[in-house]
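Structure incoming, see below.
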Amino acid sequence: MPSRKEEQPSLLSTIANTIRKVPRGRVSTYGAIAKAAGYPRNARYVALVLRRVAGLPWQRILGSGGRIALRGEAALEQRFLLEAEGVRFRGRTVDLAIFEHKFPSKTRRAATKRQASC
DNA sequence: AGGGTGACGATCA
DNA sequence: ATGATCGCCACCC
């Protein structure tokens, strides 16, 4: 029996799971993560999750436009880690057109799989 | 219980 | 292009 508290569908785990889906060598943004998780207004919360939850590929999450949102040394470390994964920077930003991970959209489910069943 | 806060995002000067 | 401001919203104290 589920206990009296429902912590299962928590925002935190939902967003954390979404973050984990970003593959190595790819990046995503706070807004995109929030949206993919189903909470488009919670970009800020994504950042909180990254701080709170350990073991996430935190370096793959960037601000809008592919900017690094961190400051100081942490920003340098993030850039270093990303470049080590093969993500290349153009100036201070990552070219999202190339490196942004596309999340499967809920609304159009299995557009590609659909062909397989055909 | 209430208000300040932020690894954001979009807009304006 | 950079910097300031506002809106957002769950978290944290």
Side-chain angles (χ1 to χ4, degrees):
Chain A
M1 272 299 285
S3 52
R4 44 212 184 83
K5 255 194 188 165
E6 80 310 313
E7 57 180 61
Q8 272 313 310
S10 70
L11 256 179
L12 193 148
S13 55
T14 304
I15 290 181
N17 285 333
T18 305
I19 293 170
R20 287 189 195 109
K21 294 191 183 104
V22 180
R24 191 170 176 284
R26 289 272 178 68
V27 300
S28 190
T29 65
Y30 299 92
I33 293 288
K35 188 177 175 183
Y39 302 90
R41 317 264 199 261
N42 288 57
R44 296 189 111 148
Y45 188 69
V46 174
L48 188 152
V49 172
L50 285 170
R51 290 190 62 164
R52 208 166 148 67
V53 181
L56 297 177
W58 64 271
Q59 71 268 31
R60 295 177 195 149
I61 312 303
L62 300 165
S64 65
R67 295 184 297 99
I68 289 184
L70 289 164
R71 309 294 181 215
E73 296 184 30
L76 298 177
E77 183 182 357
Q78 181 172 22
R79 176 168 180 156
F80 178 82
L81 290 172
L82 286 177
E83 289 183 327
E85 294 187 354
V87 176
R88 298 199 313 216
F89 281 71
R90 198 198 350 168
R92 296 173 184 163
T93 71
V94 171
D95 191 340
L96 294 181
I98 301 174
F99 294 105
E100 184 177 25
H101 171 63
K102 270 92 175 164
F103 288 96
S105 173
K106 284 164 88 172
T107 55
R108 64 171 58 213
R109 48 132 174 247
T112 52
K113 283 185 181 173
R114 206 160 184 281
Q115 307 219 340
S117 74
C118 188

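A note on names: the letters A, B, ... follow the listed sequences, proteins ahead of strands, and every chain is numbered from 1.
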Item to check | Under 4.0 angstrom between A/Arg41 side-chain N/O and C/dC9 OP1 or OP2 | outcome: yes
Next on the checklist: Looking at A/Arg51, I want to see if its CZ is surrounded by more than 12 non-hydrogen atoms of other residues, nucleotides or ligands under 6.0 Å.
Outcome noted: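 Atom CZ in A/Arg51 is not packed in, count stays at 12 or less.
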Item to check | Shortest non-hydrogen contact between A/Thr29 and A/Ile61, atoms and distance | outcome: C-CG2, 4.1 Å
Item to check | P gap between C/dT5 and B/dT5, integer Å | outcome: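 Between the two P atoms, the distance is 16 Å.
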Item to check | A/Val87/A/Arg26 under side chain to side chain contact (heavy atoms under 4.5 Å, CB included): CA gap, chis, key distance, verdict | outcome: CA-CA 7 Å; A/Val87 176; A/Arg26 289 272 178 68; over 6 Å; no
Next on the checklist: If you assign each of A/Arg92 and A/Leu12 to its closest nucleotide in DNA chain C, which residue comes earlier from the 5' end?
Outcome noted: A/Arg92
Checklist entry - For A/Arg52, which of A/Leu48, A/Val49, A/Leu50 qualifies under side-chain contact (heavy atoms from CB on, under 4.5 Å)? => result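 In the set A/Leu48, A/Val49, A/Leu50, the residue that makes a side-chain contact (heavy atoms from CB on, under 4.5 Å) with A/Arg52 is A/Leu48.
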Exercise answer: donor-acceptor pairs, residues 69-77 of chain A side-chain atoms, under 3.5 Å, sequence neighbours excluded:
none

Checklist entry - In Å and rounded to the nearest 0.5 Å, what is the CD1 to CG distance from A/Ile33 to A/Leu62? => result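 One gets 10.0 Å once the value is rounded to the nearest 0.5 Å.
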Item to check | ring pair (Phe, Tyr, Trp, His ring centres under 6.0 Å) partners of A/Phe103, counting only residues at least two apart | outcome: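 Result, ring pair (Phe, Tyr, Trp, His ring centres under 6.0 Å) vs A/Phe103: A/His101.
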Checklist outcome for this item: For A/Thr93 and A/Arg67, the nearest pair of non-hydrogen atoms, with its separation, is CG2-CG, 3.7 Å
Checklist entry - Checking only heavy atoms, does the side chain of A/Arg44 share a donor-acceptor pair with the base of C/dC9 at less than 3.5 Å? => result no
Checklist entry - Does some side-chain heavy atom of A/Ile98 sit less than 4.5 Å from a side-chain heavy atom of A/Arg90? => result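 Heavy-atom side-chain distance check fails, nothing below 4.5 Å.
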Checklist entry - Taking it one step at a time, do A/Phe89 and A/Ile68 satisfy side chain to side chain contact (heavy atoms under 4.5 Å, CB included)? => result CA-CA 10 Å; A/Phe89 281 71; A/Ile68 289 184; 3.7 Å; yes
Checklist entry - Taking atom P in both B/dA1 and C/dC9, what distance in whole Å separates the two? => result 22 Å
Checklist outcome for this item: So, with a heavy-atom separation below 4.0 Å from DNA chain B, the residues of residues 51-80 of chain A are A/Arg51, A/Trp58, A/Gly63, A/Ser64, A/Ala69, A/Leu70
Next on the checklist: Counting only heavy atoms and a strict 4.0 angstrom limit, can you tell me which residues of residues 18-31 of chain A come near DNA chain B?
Outcome noted: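 Of all residues in residues 18-31 of chain A, the ones placing a heavy atom under 4.0 Å from DNA chain B are A/Tyr30, A/Gly31.
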Next on the checklist: Side chain of A/Leu48, heavy atoms from C-beta onward: which of C/dG7, C/dT2, C/dC11 has the nearest atom to it?
Outcome noted: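 Per side-chain heavy atoms of A/Leu48, the pick is C/dC11.
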Checklist entry - First contact, last contact: which nucleotides of DNA chain B are these for chain A, 5' to 3', heavy-atom distance under 4.0 Å? => result B/dG6 to B/dA10
Scan nucleotides 3-5 of chain C against the protein and return all N/O pairs shorter than 3.5 Å with their distances rounded to 0.1 Å.
none

Item to check | Nearest heavy-atom neighbours spanning A/Thr18 and A/Thr14 | outcome: OG1-O, 2.8 Å
Item to check | Nucleotide C/dA10, atom C1' - distance to CG of A/Leu11 in whole Å | outcome: 7 Å
Checklist outcome for this item: Distance col, row A/Leu82:CG vs A/Arg60:CZ, nearest 0.5 angstrom, shows 8.0 Å
Next on the checklist: With a 3.5 Å distance limit and no angle check, can you tell me whether A/Gln59 reaches the backbone of A/Gln78 through a side-chain donor-acceptor pair?
Outcome noted: no
